[in-house]
There are 2 protein chains.
Amino acid sequence: MTRKLQKATLADVAREAGVSMMTVSRVIHGTGRISEDTRQHVRQIIEKLEYRPNRAARTLVTKRTNMIAFVVPDITNPYFTEILQGVEEFFWREGYNVMLANSNENPEREKALLDQLESTMVDGVIVCASRLSDDELIPLIEKHAAIVTVNRNLPHHLGSVVTTLHPRGYRAVLAAKYLYETGRRRIGYVNLVRSISSVNLEMFMHELEDLNIAVNPSWYATCKPTWQAGYDTGKVLLAQHPELDAVIAGNDLVALGVMRAAVEQGLRIPQDLAIIGGDDILMASQVTPPLTTFRSDKYSIGTMAAELLLRRVEGDLTYYEHHYDDVLIIREST
Amino acid sequence: MTRKLQKATLADVAREAGVSMMTVSRVIHGTGRISEDTRQHVRQIIEKLEYRPNRAARTLVTKRTNMIAFVVPDITNPYFTEILQGVEEFFWREGYNVMLANSNENPEREKALLDQLESTMVDGVIVCASRLSDDELIPLIEKHAAIVTVNRNLPHHLGSVVTTLHPRGYRAVLAAKYLYETGRRRIGYVNLVRSISSVNLEMFMHELEDLNIAVNPSWYATCKPTWQAGYDTGKVLLAQHPELDAVIAGNDLVALGVMRAAVEQGLRIPQDLAIIGGDDILMASQVTPPLTTFRSDKYSIGTMAAELLLRRVEGDLTYYEHHYDDVLIIREST
DNA sequence: TTGCAAAAGGTTAGCGTTAACTCATATAAT
DNA sequence: ATTATATGAGTTAACGCTAACCTTTTGCAA
C-alpha cells in the first residue's frame, strides 16, 4: 500500500470518467441536469480516486470559505469554552468550520487577530467579550462581512449582538441589593478589567447610594478575569479591609479565587464573608460551599450567536439582538 | 466614510504603484531584489489601499494554508483547553492559525472531521486523545502531510507523538499501589471509555494481582470523561459496593463527579473513601477536600505537540517522541 | 415534416497569487 | 572598449475550481 502523494483533482476525475470537469462539479454539488447513469459513474470514479475538492480553489472563485472565526480572550475560561461548544456544534451542522482566535487577554493581540482575519479567511466572525474600546474595535470589524458580538454592544449596522438581559454591569447592583437584604453591610466588589470597567464602577456606586447601601471606593478593585488574579486581588483586598462582610466578583473564576484567599485568611464562608460570582461555571457548584452566582446558559449563548452570524453570512444584514436570562442562583456562599 | 466593498488585490496595488504584480509580491515577502525607493513606495500604496493578501489564492499556488487543526474530543474539558492554549500560543508566534475540530466524544464525528480536513485546509493536524481504534484512525491520517498525536501511540512513519512517561493505563496501577500503602484494601476503578479501555482494565487487574491487592471486576466501571458521567457512575458504583474504601478515576472531572456522589451518600472523604483523579485540572485543587491526582503540565504538552508538528510541516519527517512527567500529587482526598 | 423546448452536458474565462524564467540597465573586471 | 556580473525589475503560466454561456440530442405537439 503506497501512500498517495498527489491528490486527485477535478480534472483527474473528469478524465478518468470521460466527462467534462463541469459534469463532475455538478455531480458534487447536486446541481444542474445530470443523467442518473452519469451521476453514478462519476461518483464511482470519485470514490476510486479518493477525490476531495480543493478548498482554496473553491474559495478563490466563490469567495466563500465555509469557515468562521471565534475570537475569545481566554480559551481556558470555562465560560467561553461552553459558548464555543455551542458555536461549534451549530456551525458543524451547517457545514462550516470554526477557527479559534485566542487573544489571551491581550488587546494588541486581539487587534492583530481581527486584522489578520481580514485576509479572506473567514466568512464571519464571532467576537466574544472583546477587550477593545469601541474606537479600536469598530474600525477593525467594519471590514468584515459578517460580525456578531457576545456581551458587547455595537452600532446596529455593523453586526448583531447577544447580551445579557440586564444591562452590562447592572448585575453587580442586583447582587449588592440581595446581599444588603440578607444583612450584609460592607460590600466589596472585584470588577473585571475591560474597556468599560470605570463606567461600570461609577454606575455601581451611584446605584448603591440610591439604595442607601454603604459605598467606599477602597472596597472596590479591578482584576483580570482569571482564578489567579482573583486570588491575588482577594488576598490584598481582604487583608486591607477586614471590615468587609461580602464580596461581589465579576465572574466565577475570580469569585473562587477570592474565596480561596478568604479561606486562607481564616474567614468562614458565608458566616464571615459572603461571596457572589458571575457566570455559573461548573466549578461554582462543586466547591465547598457552592457559589452563589448568576445563571448563564452558555451553550445557548453560543448557538444563538452562531445563528445570528449565519444569517449575516447568508446575506441578511438585519440587526438582531438576543438576550439571555441571567437570574441570581442562590447557593451556600451567601 | 463609505465602506470598502471590493477588497484591493495585488493587481490594484501594482497598477496604483506603477509596478508589476511581482514587484508587489516581492515587497510583501521581502524576497528578491527591490530598490529601497520602490519598496517604500509600494508599502505606501499597500497602506493606502489597505491591501491584504488573499489567502485562498496564495494557498492555491503554494499548497500551504498556514493553518493547522487541533482535533479534540471535548472542548469543555479543561485538560484539553490548556493543551490547546499551548498549541495556539506556539503557532501564533509562527504565523499559523489554529482550526478547532471538536468531535464531542463522538467517534463518527471524529472520523468525519479528519476526513474533511483532508481538503487542503490545513498544513498539519494535532490529534488529541483520539476515540478511534487504530484500524479507524490510521487510514484517516495516512493522507495528511503532518500529524502529531497526544496520548496516543502511532506507527512511527505516520507522525510524532507526545505521551505520558508512564505507559498509558499504568497510572491506575501506581495509584492503586499508593492507596494500598496508605491502608486501603478495596479499591474501585472508574476507567474512561476509549478504544483501548478493555486492555487497560485487564492490565490493571493483572498488576494488582501481582501486588497482592484484592481484585474484583464488579468494582470496576467505565464511563465517559465528563463530570456528569463520573457522578452518575459513582452513584451506582458506591451504592452497589459500600465496601469500597477507595476509588481511582480516569481523570479529574470523573473523580470530582464520583466525589460529589460519595458526599451525597454521606461518605466522608478521605476517612470513608479515598479518591484519586488523573490530570490535575484547576478545579482539582479548589474543591474540598483537594483532589489527589497526577500532575500534567498541559500547556507544555501543547507547545511540545505544536513544536513536533511544526517540524513535520516544515518537511522534517523524523519520528520524535516527547514524554511528559506525571507524578502523583498527594492532596487531602487520600 | 417542421418547430421548439427540455434534457444533458460541454466551453471559456477568470478568481488572486506565486514560481520560474526573461530582460534591460548599471557597474565592475579584463 | 569590451565582456562579465550583479541589480532591479517584468512576463508567462499555472494552481483547481465554478459561473455563465453555449451546443447537441431527444421527445413530442402542431
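Each chain gets a letter, A, B and so on, in the order the sequences are listed, and its residues count up from 1.
Between its two ends, the helix from dT1(C)-dA30(D) to dT30(C)-dA1(D) turns its axis by 50°, counting five pairs per end and rounding to 10 degrees.
Ion pair E50(B)/K7(B) not flagged as a salt bridge, since none of the NZ, NE, NH1 or NH2 atoms sits closer than 4.0 Å to an Asp/Glu carboxylate oxygen. The pair R311(B)-E314(B) does not count as a salt bridge, with every side-chain nitrogen at least 4.0 angstrom from each carboxylate oxygen. Under a 4.0 Å N-O distance rule, the pair E47(B)/R43(B) does not qualify as a salt bridge. A salt bridge does not link D123(A) with R312(A): none of the charged nitrogens is closer than 4.0 Å to a carboxylate oxygen. A salt bridge links E88(A) with R109(B); the closest basic N to acidic carboxylate O contact falls under 4.0 Å.
The CZ-C1' distance, from R55(A) to dC15(C), rounds to 17 Å in whole Å. With rounding to whole Å, N54(B) atom CG is found 10 Å from dT18(C) atom P. Atom CG in N66(B) sits about 15 Å away from atom P in dT17(C), given to the nearest Å. Protein atom CG of D12(B) is 11 Å distant from nucleotide atom P of dC15(C), rounded to whole Å. Spacing between atom CE of M21(B) and atom P of dA19(C) amounts to 12 Å, rounded to whole angstrom units. Distance CG (L10(B)) to P (dG10(D)): 13 Å, rounded to an integer number of Å. In this structure, CZ of R52(A) is placed 16 Å from C1' of dG16(D), rounded to the nearest angstrom. In this entry the distance linking CG of D37(A) with C1' of dA7(C) reads 14 Å, nearest Å.
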>> Set out, in order, the CA-CA distance, both residues' side-chain angles and the distance that settles salt bridge (charged side-chain N to carboxylate O under 4.0 Å, His left out) for D115(A) and R52(B), then state yes or no.
In response: CA-CA 9 Å; D115(A) 190 57; R52(B) 298 285 182 282; 2.9 Å; yes
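Remark: T9(B) engages A11(B), D12(B) in a side chain to side chain contact (heavy atoms under 4.5 Å, CB included) (not counting sequence neighbours).
Neither OP1 nor OP2 of dT17(C) sits under 4.0 Å from any side-chain N or O of S25(B). Considering only side-chain N and O atoms, K63(A) lies nowhere under 4.0 angstrom from the phosphate OP1 or OP2 of dT18(D).
Remark: the E321(B) side chain and the H323(B) side chain contain an N/O donor-acceptor pair separated by less than 3.5 Å.
When each of M22(B) and L60(B) is assigned the nucleotide of DNA chain C bearing its nearest heavy atom, the one mapping closer to the 5' terminus is L60(B). Comparing T62(A) and V61(B) against DNA chain D, the residue whose closest nucleotide sits nearer the 5' end is V61(B).
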Give each protein N/O atom lying under 3.5 Å from an N/O atom of nucleotides 6-9 of chain D, with the pair distance.
| unit_1 | atom_1 | unit_2 | atom_2 | d |
| --- | --- | --- | --- | --- |
| dT7(D) | OP2 | R33(B) | NH1 | 3.1 |
| dA9(D) | OP1 | T38(B) | OG1 | 3.2 |
| dA9(D) | OP2 | S35(B) | N | 2.7 |
| dA9(D) | OP2 | S35(B) | OG | 2.8 |
| dA9(D) | OP2 | T38(B) | OG1 | 2.7 |

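Contact of the W92(B) side chain with the N102(A) side chain is not registered, since no non-hydrogen atoms from C-beta on lie closer than 4.5 Å.
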